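Some notes on the structure that comes next.
In this text the structure is predicted, and so the values were computed from the model without any measurement. Residue numbering restarts at 1 for every chain, and letters A, B, ... go by the order of the sequence lines. Hydrogens, waters and symmetry mates play no part in the numbers below; they use all other heavy atoms, side chains included.
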Protein chains: 4
Amino acid sequence: MSPLNKHQLNQIRDERREQIKQAALIRFARHGYLGTKTSMIAAEAGISEGLIFRYFKSKDVLFTTLVQELIEEAKLETENLQYLPGSPFEQIKALTTGMLDESSKYAFMLILRARKTDEIPEEAARILEQHSEDVILERLISIFIQGQEAGEFSPGDPRKLLAWYFSIINCLIMEEVAMEEYGLPNADYLMRFLKT
Amino acid sequence: MSPLNKHQLNQIRDERREQIKQAALIRFARHGYLGTKTSMIAAEAGISEGLIFRYFKSKDVLFTTLVQELIEEAKLETENLQYLPGSPFEQIKALTTGMLDESSKYAFMLILRARKTDEIPEEAARILEQHSEDVILERLISIFIQGQEAGEFSPGDPRKLLAWYFSIINCLIMEEVAMEEYGLPNADYLMRFLKT
Amino acid sequence: MSPLNKHQLNQIRDERREQIKQAALIRFARHGYLGTKTSMIAAEAGISEGLIFRYFKSKDVLFTTLVQELIEEAKLETENLQYLPGSPFEQIKALTTGMLDESSKYAFMLILRARKTDEIPEEAARILEQHSEDVILERLISIFIQGQEAGEFSPGDPRKLLAWYFSIINCLIMEEVAMEEYGLPNADYLMRFLKT
Amino acid sequence: MSPLNKHQLNQIRDERREQIKQAALIRFARHGYLGTKTSMIAAEAGISEGLIFRYFKSKDVLFTTLVQELIEEAKLETENLQYLPGSPFEQIKALTTGMLDESSKYAFMLILRARKTDEIPEEAARILEQHSEDVILERLISIFIQGQEAGEFSPGDPRKLLAWYFSIINCLIMEEVAMEEYGLPNADYLMRFLKT
DNA sequence: TATGAATGAGCGTTCATTCAT
DNA sequence: GATGAATGAACGCTCATTCAT
């Protein structure tokens, strides 16, 4: 008989995996893929360097896994959006508020930083290319069109408006450090860009 | 006796230096500090790998020199700004237009990417921290205050308004690639954030 | 009070030890010392990785123990040989037949592979050097001399004849895999090398 | 203008490549693929560890290149064989003598050791599987059949005879170290195996 | 001055070994 | 006694930097 039963071991494994992913998220978000040494992740997680490789085959796989899961989460959040109550303006404002929220800070930073660099694993680049632009934006575009039809949003190509608006949100999240002094603009301020 | 006189040699040196800096600018802007290998810079400049180190003591120094000079240029441009004719709104609009211009693309990309990563030489980080926020922003802040006094800009802490506004511009420049489809919003669009 | 008495525990220990040695024998024989990971031995034995080290201080010691014991067995077998009935030719033929037998395959493979590599523990190398040539060969040499005196074996330095003959046997055992198609030559065939 | 012309540089590169290959050949032959550390090859060649990788992308590629070239050479030698004058017996004796020769010792050791281990790069394994058995042996088999028809070689399946004979040669080369005392049997001795 | 071969410190990764359970 | 998660030394490999030419 085992000294620890199967359930307990699985729990330990799951906890460690999560712990490593959390540490990696913070480091990758702050220093990028190349700038993050596995020793930094180990230090952040408070474990030995070698242990990382029992849970993730390589730094590459660890990064790609994170990207994969973060994209998945983002997709779900956007999916829910269109079934939310309220006008298009209120829906986008809710999303904007969520994106600027402290709790999802590192997730966005990692994804956004990753998308601006060629220096990430090929597979991660593929995932980013595929999902982000195509799937999520398609969902939002219909909300934007409704917003324009309702006269809430400024006129013109809705895809263009959407692209610009989210570029700004994205970038602001990335600026986080520089912004420390004044914090992030609130959603109301940013909605100016959309209003007619 | 030397086949080239001192003046000619100096000219060659200066040209080589410039050539290396130009190559480095493009590469650092595109791939970041860590992502840019010295071999890439040599290839971009069409010289041998070793030669870089006769003109710059190290990759570190080359990068820091670039940052230094780009900051310097930006400072000059901002300095000139306040002596320009036109209302505060028109002055900021001119600056905005200049920043979004193609010709200064790589310069801004390098600086902005650098500011988002800890993974740059310490000295470069120090330069960015010191100048960018303190000196340049100080110059702009007075224009913003004038703008608010003239009722052209929205009210509130002018530093906050300034920080937010330029964060957005900066981010949009960085998005350059993702934006290919729609290009950058023109200055008029962006001025919305400032208007009351 | 212990649920198992001392005798039972010793029996478990002995069985485990044997089980590990058997698994290690197969793996070391097939993949050599460096090519065999302790995890492979554990898997082959159906036990956990850590348990190996309660029975053998190290991979090094496990390997050396195996070599030691296999050499010991070989020595005993050779010892018995000279008291066997029959002519020198028949005695050597019996030994040859035994070496080519399926049941001792892995034992010979391990020993032979070990002797061809420096990459084994120092102590194991020492054992191989000492015993193999000195003790076993001494026993066989007298049989060879008798064989030559009886005109059964070809003339010349008997040590040379012996060394060559067994080298050939050894090699054939190692070839096992490549030989699958045709099997091993039988003892009669090999005795040609000895006959006048 | 270059300080060294293109021809000189190519010569340096070719010499280094050959030097590394020679060092690697000796080490791989003696200690096998896993047992040979890149540091050992560098030490044997009298160069730094890193330099190996300017000439060969990886230890894997270096090994595979060696296997490739050695197989190629062996193929050529065997090809020439059948156009040589003399009886089948004399032809095989010439080949045997060549294989036992000091100068090609390491080449055979490397190949033979490689063929006995799974622990080599996949590509190298593929090359060995393809060429050795199929191409070379086919050439020799016809000489063996002629030898049997001429009554020079012992009867029976010629492929079996060939396989056994060359297994013995191969193994003897591998035994090199153990054999130091008596040297290798000469070709005459080994031809006994083939004679009727 | 210019070259590119050569170096070596440091990274990502493996695996024998330890140890809490 | 048995487990397998955890460690760390050592490996293969990269790349900024040096140096003979």
Next on the checklist: Reading DNA chain E from 5' onward, which residue's closest nucleotide shows up sooner: C:Thr38 or A:Ser58?
Outcome noted: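 Closest to the 5' end, via its nearest nucleotide, is A:Ser58.
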Item to check | Residue whose nearest DNA chain E nucleotide is more 5′ - A:Gly50 or D:Ile52 | outcome: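 The residue mapped nearer the 5' terminus is D:Ile52.
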Looking only at the side chain of [X] (C-beta and beyond, no hydrogens), which of the listed nucleotides [options] gets closest?
{"X": "D:Leu9", "options": "E:dA16, E:dA5, E:dT13", "value": "E:dA5"}
{"X": "C:Ser48", "options": "F:dT3, E:dT3, E:dT17", "value": "F:dT3"}
{"X": "C:Tyr55", "options": "F:dA6, F:dG12, F:dA2", "value": "F:dA2"}
{"X": "A:Leu51", "options": "F:dT7, F:dG12, F:dT17", "value": "F:dT7"}
{"X": "B:Ile47", "options": "F:dG1, E:dT3, F:dC15", "value": "E:dT3"}

Checklist entry - Counting any heavy atom closer than 4.0 Å, what does B:Arg16 reach on the DNA or RNA strands: base, sugar-phosphate only, or nothing? => result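 Result for B:Arg16 = sugar-phosphate.
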Checklist entry - With sugar-phosphate meaning primed atoms plus P, OP1 and OP2, does D:Arg54 contact a base, only sugar-phosphate, or nothing at under 4.0 Å between heavy atoms? => result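 Base, at least one base heavy atom under 4.0 Å.
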Checklist entry - Are any of the side-chain heavy atoms of D:Asp60 and D:Tyr33 separated by less than 4.5 Å? => result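 The answer is yes, as the side chains (C-beta and beyond) meet within the 4.5 Å cut-off.
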Checklist entry - Looking at side-chain heavy atoms only, is the closest gap between A:Lys59 and A:Phe28 below 4.5 Å? => result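 Yes; the side chains approach each other to less than 4.5 Å.
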Checklist entry - Dot-bracket for DNA chain E, 5' to 3', with Watson-Crick and G-U pairs under 3.5 Å, [ ] for crossing pairs and | for other-strand pairs: what is it? => result .||||||||||||||||||||
[X] has an atom [atom1]; how far is it from atom [atom2] of [N], in whole Å?
{"X": "A:Gln8", "N": "F:dT3", "atom1": "CD", "atom2": "C1'", "value": "12 Å"}
{"X": "B:Ile41", "N": "F:dT17", "atom1": "CD1", "atom2": "P", "value": "10 Å"}
{"X": "B:Ile20", "N": "F:dT17", "atom1": "CD1", "atom2": "C1'", "value": "14 Å"}
{"X": "C:Phe53", "N": "F:dG4", "atom1": "CZ", "atom2": "C1'", "value": "13 Å"}
{"X": "A:Leu34", "N": "F:dT14", "atom1": "CG", "atom2": "C1'", "value": "12 Å"}
{"X": "C:Phe56", "N": "F:dG1", "atom1": "CZ", "atom2": "P", "value": "14 Å"}
{"X": "D:Asn10", "N": "E:dT3", "atom1": "CG", "atom2": "P", "value": "16 Å"}
{"X": "A:Asp60", "N": "E:dC11", "atom1": "CG", "atom2": "P", "value": "18 Å"}

Checklist entry - Are any of the side-chain nitrogens in A:Lys21 or A:Glu18 under 4.0 Å away from the carboxylate oxygens of its partner? => result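 Yes, this pair counts.
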Checklist entry - Are A:Glu129 and A:Arg126 close enough for a salt bridge, meaning some N to O gap below 4.0 Å? => result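 The answer is no: the pair does not qualify as a salt bridge.
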Checklist entry - For B:Lys37 and C:Arg13, take the nucleotide of DNA chain F holding the closest heavy atom to each; which residue's nucleotide lies nearer the 5' end? => result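 Its nucleotide being nearer the 5' end, the pick is C:Arg13.
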Checklist entry - Closer to the 5' end of DNA chain F via nearest nucleotide, is it A:Glu49 or D:Ser39? => result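 Its nearest nucleotide being more 5', the pick is A:Glu49.
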How about [X] and [Y]: does a side-chain donor come under 3.5 Å of a side-chain acceptor?
{"X": "B:Glu123", "Y": "B:Thr64", "answer": "no"}
{"X": "D:Glu15", "Y": "D:Gln11", "answer": "yes"}
{"X": "A:Glu49", "Y": "A:Ser39", "answer": "no"}

Next on the checklist: On a heavy-atom basis, which atom in D:Lys37 and which in D:Leu34 lie closest, and how many Å separate them?
Outcome noted: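 So the minimum-distance heavy-atom pair works out to NZ-O, 3.3 Å.
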